[in-house]
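The structure under discussion appears below in the form of structure tokens.
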Amino acid sequence: MRALRVVGLHEDGKSIVCEDPASRTRFLLPADERLRAAARGDITRLGQIEIELESQMRPREIQARIRAGESVEQVASSAGVTVQRVERFAYPVLLERSRTAELAQRAHPVREDGPDVQTLGEVVAHSFGQRGHDYSQATWDSWRGDDGKWVVVLSWKAGRSDNRAHWSFAPGAHGGTVQALDENAEVLLNPNAYRAPRTVRALDPGKDAVVQPTLDSVPDEPVAKVIDAPIAEPEEDAEPPLPADEPEEVAEPAPRAKGKKNHPIVPSWEDVLLGVRSQRG
């Protein structure tokens with residue numbers, strides 16, 4: 001980089017004449033606001049001028065949009081500049097929003113009979129405790145509306161849902177006052193609006209309870225097969241069967257069926273009609 005020396009002011013009165021000492025080449029440098037800011041060492045002013053040159057959005061407009069609730073990323077996207085350049089002007093406004101949100105937590109909610117004794121932060125923390133929410137994970141923010149009044153917002157997550165509650169904040173004596181702007185804000189301010197969910201438990205049937213059987217509850221037991229056949233009674237004079245340890249072969253007539261095991265031999269109908277006793281071999 002070659003160093004130049006200032007020769008003087010151009011005849012038009014709007015430019016500075018510079019010269020290269022080695023080659024005696026002269027250069028014309030516009031004496032604009034950027035040159036004056038650079039001569040003073042005003043880096044902030046230089047950055048502001050760069051934004052004004054690269055974008056039609058002026059720094060005041062950037063700060064106004066940040067104060068109205070937009071994020072740095074949203075303003076940078078609208079202005080067509082980098083986030084770092086917007087942050088130079090957004091930083092003091094972001095501090096103002098954060099400070100206002102802190103003051104609003106110390107304000108008193110407005111009730112039907114007047115301002116509450118407790119502060120907004122105390123009431124909301126109690127409501128979070130009733131619902132089992134983690135109050136430390138909730139975030140506060142604020143912005144100024146079109147009417148010039150401040151709006152305070154509380155953001156928190158319950159399960160998979162993102163929730164928000166809004167209040168209008170009016171600074172004043174003893175911390176100021178806040179009023180609910182939506183349903184979530186009203187519910188958080190009303191301690192009687194929350195009802196704990198009832199626990200659902202399974203009923204334990206007692207000993208005397210009648211349990212209806214199902215297909216799955218019927219045990220797999222063998223079913224006795226019923227034989228539809230008449231049972232014949234033995235004769236009174238029939239001899240008792242021999243003991244099991246002294247088996248003897250019994251000669252039966254051909255048409256007579258064999259008796260069952262461990263049962264007396266039943267005479268056939270012919271023997272009964274003719275009065276013939278059964279003979280043993």
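Keep in mind that the numbers below use all heavy atoms, side chains included, and drop hydrogens, waters and symmetry copies. The model shown is predicted, which means the values in this text are computed figures rather than measured ones.
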message = Test salt bridge (Lys or Arg N to Asp or Glu O under 4.0 Å) on R99 and E102; report intermediate values, then the result.
response = CA-CA 5 Å; R99 178 59 179 170; E102 292 180 0; 3.5 Å; yes

inquiry  = Could you go through T119 and Q105, starting from their C-alpha distance and side-chain angles, then the distance that decides it, and tell me whether this counts as side chain to side chain contact (heavy atoms under 4.5 Å, CB included)?
reply    = CA-CA 7 Å; T119 63; Q105 297 178 53; over 6 Å; no

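A 4.5 Å side-chain heavy-atom check between I66 and F89 finds every atom pair outside the cut-off. Within the 4.5 Å cutoff, the side chain of V72 has no heavy atoms near those of the Y91 side chain. Using a 4.5 Å cut-off on side-chain heavy atoms (C-beta onward), L189 and D116 make no contact. Considering only heavy atoms from C-beta on, P92 comes within 4.5 Å of Q63 through its side chain. Inter-residue side-chain proximity for W150 and R67 is flagged as met; some heavy-atom pair is nearer than 4.5 Å. The shortest distance between side-chain heavy atoms of H133 and N163 does not fall below 4.5 Å.
Rounding to the nearest 0.5 Å places CG of L28 at 8.5 Å from SG of C18. Within the model, atoms CG of N190 and CZ of R111 stand 7.0 Å from one another, a figure rounded to the nearest 0.5 Å. Summarising the geometry, atom CG belonging to D20 is positioned 9.5 Å from atom CZ belonging to R24; distances are rounded to the nearest 0.5 Å. Expressed to the nearest 0.5 Å, how far CD of E87 lies from OG1 of T82 amounts to 8.5 Å. The structure places CH2 of W156 at 14.5 Å from CD of Q137, a figure rounded to the nearest 0.5 Å. Note that OG of S127 is 11.5 Å distant from CG of N184, once rounded to the nearest 0.5 Å.
The hydrophobic cluster containing V93 also contains V86, counting ILVMFWY residues as joined when their side-chain heavy atoms lie under 4.5 angstrom apart, directly or transitively. Each of W167 and V153 belongs to its own hydrophobic cluster when Ile, Leu, Val, Met, Phe, Trp and Tyr are linked at side-chain heavy-atom distances under 4.5 angstrom. Cluster membership for L35 and L4, using ILVMFWY side-chain heavy atoms within less than 4.5 angstrom, is not shared. Residues L29 and V6 fall within the same hydrophobic cluster, defined by Ile, Leu, Val, Met, Phe, Trp and Tyr side chains chained together at heavy-atom separations under 4.5 Å. Placement of F169 and W140 within a single hydrophobic cluster is found when ILVMFWY residues are connected by side-chain heavy-atom separations under 4.5 Å, directly or transitively.
By the neighbour-count criterion of 12 heavy atoms within 6.0 Å, atom CZ of R40 is densely surrounded, having more than that number from other residues, nucleotides or ligands. Remark: E73 CD is packed, more than 12 non-hydrogen atoms of other residues, nucleotides or ligands lying under 6.0 Å away. Within 6.0 Å of atom CG in L9, more than 12 heavy atoms from other residues, nucleotides or ligands are found, so the atom counts as buried in its surroundings.
Between the H108 side chain and the H174 main chain, a donor and an acceptor come within less than 3.5 Å of each other. Judged purely by atom type and a 3.5 angstrom limit, S155 has no side-chain atom pairing as donor or acceptor with the backbone of R164. No side-chain donor-acceptor contact under 3.5 Å links H166 to the backbone of A180. Without hydrogens or angle criteria, R65 side chain to Q74 main chain gives no donor-acceptor distance under 3.5 Å. No donor-acceptor pair under 3.5 Å is formed between the side chain of Q179 and the backbone N or O of S168. Judged by distance alone, the side chain of R5 and the main-chain N or O of E19 form no donor-acceptor pair under 3.5 Å. In this structure a side-chain-to-backbone donor-acceptor pair under 3.5 Å is present from T100 to E96.
Contact between L181 and A185 at its shortest, heavy atoms only, is N-CB, 4.2 Å. Listed here is the closest heavy atom pair of L154 and A138: CD1-CB, 3.6 Å. Closest of all the heavy-atom pairs between P21 and A3 is CD-O, 3.4 Å. The heavy-atom pair separating P109 from L120 by the smallest distance is CD-N, 3.9 Å. Nearest heavy atoms, Y135 versus F128: CA-CD2, 3.7 Å. In terms of heavy atoms, L188 sits closest to A165 at CD1-CB, 4.0 Å.
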